[in-house]
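Heads up: numbering here begins at 1 and tracks the sequence. Just so you know, these numbers use all the heavy atoms, side chains as well, and skip hydrogens, waters and symmetry mates.
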Amino acid sequence: MKRFLSAILAIIMILCSLASCNDAQSEETSAETTLSIDETTAKPEKPEVPLNQTINIMCNTATIDLVEYLVKGFKSTVYGVKVNLTVLEDGRNGCEEKLAADVLAQNGPDIFIINDEIFFNTYDYIKSGVFADIDELNAVYDYLRWDNYNQDAMDYGIVDGKRVIFPIFYSFPILIGMKEVLDAEGIKYGDGVTFKEFAESCIASSMPVFDRPEYAYRFYRSVGLEVIDEKEGTADFESQEFRDFMECYVQLFPNIYNGGYNDLKISHKGYTNDLCGALLAEEVLFYSTDRYNYQNCNLPIIDTIITAIIENGNTPVITYVPTMDGQGVAARVEYALAINSNTQYPEACMQFLRYASSLEYCADDEWHRPLFINNKHREAIKDVFYGEELEVSADYKKRSYSFDYEDLDEEILGSYYSIINRLYFPKFVSTDPLRQVANISWEVDANGMSLDEAIKKYKKQLELFLTE
């Protein structure tokens, strides 16, 4: 698969190069525009926008819930732009192969939806030049307002000096527990606790740790590891830090690859509370997130869980999976967008990014999502829970910010927002290289291979994967 995609992307680079050579006038204009920006900082002249534009977006069944809401809202607010949505029914690998083939045939989407469920080799696309430089386009169309967004999340989208990825939602590895249970089990958590300290205290407990297993490729991000360097084509799997992570991981999630982890708890008991029944029944230490439930770091959902814990007669704890060094909380970009550098309608694409990052979109979306990059939305949520006057229009206050939730006390809110204030985004790594991390844990957990053997095997495979 990697060789197939790399070959396709290499051909794309050649086609892009030939196209630029065959359009000398366009190249000259581009050079003049760049010179103008560099020397005068004046904005380039906005080109004439066609009256009717059509942009194509591709997703699969795992991502359609988000994309459909985006497209629906965009079409209701932007006129003169038609959106064609292609939904792939294929499995995860089939989606990636079709996406690469369509890009090669220049039938690729104008807007790329970047998510672990559909997009595995993001860095290969970046290197091939398939993704447009969003900063360059914004210099022309001036649609995006960077001070409206979480700057750390936005910086995550800058790769090799170009802003090619546009995050819209991110999450953090939240954990919710009950203080009485955590204290009785001797669990170490909170600020300053390292992942190894946390993991060892959990492993010593007889209780399963999380209510749902988290696969190694995502857990790598949760603990803030940065041992894979796609740009340099290296992986420091032999470092003590990585070894500590792997040793702890296979003990935290025993038998994860044959479904055995789920058997450690009574997962089909029929709890009165469908959301956090296993936690309330003291069958697990923490209510957590996984790749399907990353919206659980959203405060309205947390409110529901906290209320259930209090009604159960327990004291709620809001914490997180610690990083390896115990400093900061590692956030993860869950959904992002990119623009096809060969799109015929860059202006329409930029309008789509503007809408996807707007307060209006997130207020109109009927689903709870992970954390949104729009600062005003985050502040509106905070104001609701602290009982402050909302600084949003009356329409949006009525429709989207008048939550019918129990009041959280300020100590709980303080715990949550102290975590939010410590978020940072580790170095970007595509999903495909992270699969090698999962392969290591699979060999150890499912096949009984020693950690040394598994690291040696997949370190070599990953380096070949990154450099071929």
Side-chain angles (χ1 to χ4, degrees), residues 116 152-153 155-156 170-175 177 182 186-205 209-210 213-232 234-254 256 285-286 288-291 294 297 317-334 418-431 433-445 451-452 454-456 458-459 462-463 466:
D116 286 341
D152 291 333
D155 288 348
Y156 176 87
Y170 60 97
S171 73
F172 68 92
I174 192 168
L175 300 176
L182 299 178
I187 306 303
K188 297 180 180 179
Y189 59 89
D191 296 354
V193 173
T194 67
F195 172 71
K196 186 176 182 181
E197 291 170 338
F198 163 79
E200 287 178 345
S201 71
C202 291
I203 292 164
S205 169
V209 184
F210 300 164
E214 182 74 293
Y215 285 96
Y217 78 93
R218 278 179 60 86
F219 219 60
Y220 172 101
R221 295 179 175 129
S222 297
V223 302
L225 277 171
E226 295 185 300
V227 299
I228 298 174
D229 190 324
E230 284 189 88
K231 183 178 180 181
E232 300 298 327
T234 61
D236 191 11
F237 283 172
E238 295 175 344
S239 66
Q240 187 60 49
E241 182 181 56
F242 184 74
R243 293 181 64 85
D244 287 345
F245 166 72
M246 293 306 307
E247 288 172 353
C248 291
Y249 175 82
V250 295
Q251 294 179 77
L252 284 173
F253 300 105
I256 187 173
L285 291 172
F286 291 106
S288 63
T289 65
D290 64 5
R291 78 179 227 233
Y294 33 67
C297 63
V317 169
I318 298 178
T319 186
Y320 53 90
V321 177
T323 55
M324 297 304 297
D325 62 4
Q327 304 299 313
V329 183
R332 305 180 297 213
V333 170
E334 300 293 355
S418 70
I419 296 172
I420 297 296
N421 292 336
R422 300 181 68 224
L423 296 182
Y424 76 99
F425 292 81
K427 180 168 56 180
F428 172 83
V429 183
S430 303
T431 305
L434 289 177
R435 284 175 162 177
Q436 307 304 320
V437 177
N439 286 338
I440 292 173
S441 59
W442 179 80
E443 292 283 15
V444 175
D445 181 46
L451 182 57
D452 285 337
I455 285 176
K456 183 177 180 180
Y458 287 101
K459 180 180 187 298
L462 178 55
E463 290 176 346
L466 293 174

* Asked: Checking side-chain hydrogen bond (donor to acceptor under 3.5 Å, both in side chains) against Tyr458, which of Glu463, Gln436, Glu443 comes through?
  ->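 Going through Glu463, Gln436, Glu443 one by one, the side-chain hydrogen bond (donor to acceptor under 3.5 Å, both in side chains) with Tyr458 is satisfied by Glu443 alone.
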
* Would Ser288 and Glu214 count as a side chain to side chain contact (heavy atoms under 4.5 Å, CB included) if you check the C-alpha gap in whole Å, the side-chain angles of each, and the deciding distance to 0.1 Å? -> CA-CA 9 Å; Ser288 63; Glu214 182 74 293; over 6 Å; no

* Asked: Going through the distances and angles, do Tyr189 and Leu285 end up as a side chain to side chain contact (heavy atoms under 4.5 Å, CB included)?
  -> CA-CA 12 Å; Tyr189 59 89; Leu285 291 172; over 6 Å; no

Spacing of [X] atom [atom1] and [Y] atom [atom2] [to the nearest 0.5 Å]:
{"X": "Glu200", "Y": "Cys248", "atom1": "CD", "atom2": "SG", "value": "5.5 Å"}
{"X": "Leu462", "Y": "Ile440", "atom1": "CG", "atom2": "CD1", "value": "8.0 Å"}
{"X": "Ile187", "Y": "Ile203", "atom1": "CD1", "atom2": "CD1", "value": "10.0 Å"}
{"X": "Phe198", "Y": "Leu175", "atom1": "CZ", "atom2": "CG", "value": "5.0 Å"}
{"X": "Leu451", "Y": "Glu247", "atom1": "CG", "atom2": "CD", "value": "5.5 Å"}
{"X": "Leu225", "Y": "Ser239", "atom1": "CG", "atom2": "OG", "value": "7.5 Å"}

Please find the pair of heavy atoms, one from [X] and one from [Y], that lie closest to each other, and give the distance.
{"X": "Ala438", "Y": "Ala216", "value": "CA-CB, 3.9 Å"}
{"X": "Ser430", "Y": "Pro433", "value": "O-CD, 3.2 Å"}
{"X": "Asp325", "Y": "Gln327", "value": "OD1-N, 2.9 Å"}
{"X": "Ala331", "Y": "Pro426", "value": "O-CD, 3.5 Å"}
{"X": "Arg221", "Y": "Val429", "value": "NH2-O, 3.4 Å"}
{"X": "Thr289", "Y": "Pro173", "value": "OG1-CA, 4.2 Å"}

If we only count heavy atoms from C-beta on, is the [X] to [Y] side-chain gap below 4.5 Å?
{"X": "Val437", "Y": "Phe242", "result": "yes"}
{"X": "Thr194", "Y": "Lys188", "result": "no"}
{"X": "Asp152", "Y": "Tyr170", "result": "no"}
{"X": "Glu230", "Y": "Phe428", "result": "yes"}
{"X": "Ile419", "Y": "Ile174", "result": "no"}
{"X": "Ile228", "Y": "Tyr220", "result": "yes"}
{"X": "Arg422", "Y": "Thr323", "result": "no"}

* **Passing candidate, side chain to side chain contact (heavy atoms under 4.5 Å, CB included) with Val329, options Ile420, Leu423, Val321, Asn421** =>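 Of the listed options, the one satisfying the test is Leu423.
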
* Asked: So with a 6.0 Å cut-off around NZ of Lys427, is the heavy-atom count from everything else above 12?
  ->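 More than 12 within 6.0 Å, yes.
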
* Test side chain to side chain contact (heavy atoms under 4.5 Å, CB included) on Tyr215 and Ile256 and set out the steps. => CA-CA 8 Å; Tyr215 285 96; Ile256 187 173; 3.9 Å; yes

Would you call the rings of [X] and [Y] parallel, tilted or perpendicular, taking 30° and 60° as the class edges?
{"X": "Tyr156", "Y": "Phe425", "answer": "tilted"}
{"X": "Phe219", "Y": "Phe253", "answer": "perpendicular"}
{"X": "Phe195", "Y": "Phe245", "answer": "tilted"}

* Arg218/Glu334 ion pair, N-O < 4.0 Å ->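 Glu334 and Arg218: salt-bridged.
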
* Decide yes or no on side chain to side chain donor-acceptor pair (under 3.5 Å) for Tyr320 and Asp191, but give the supporting numbers first. => CA-CA 9 Å; Tyr320 53 90; Asp191 296 354; 2.8 Å; yes

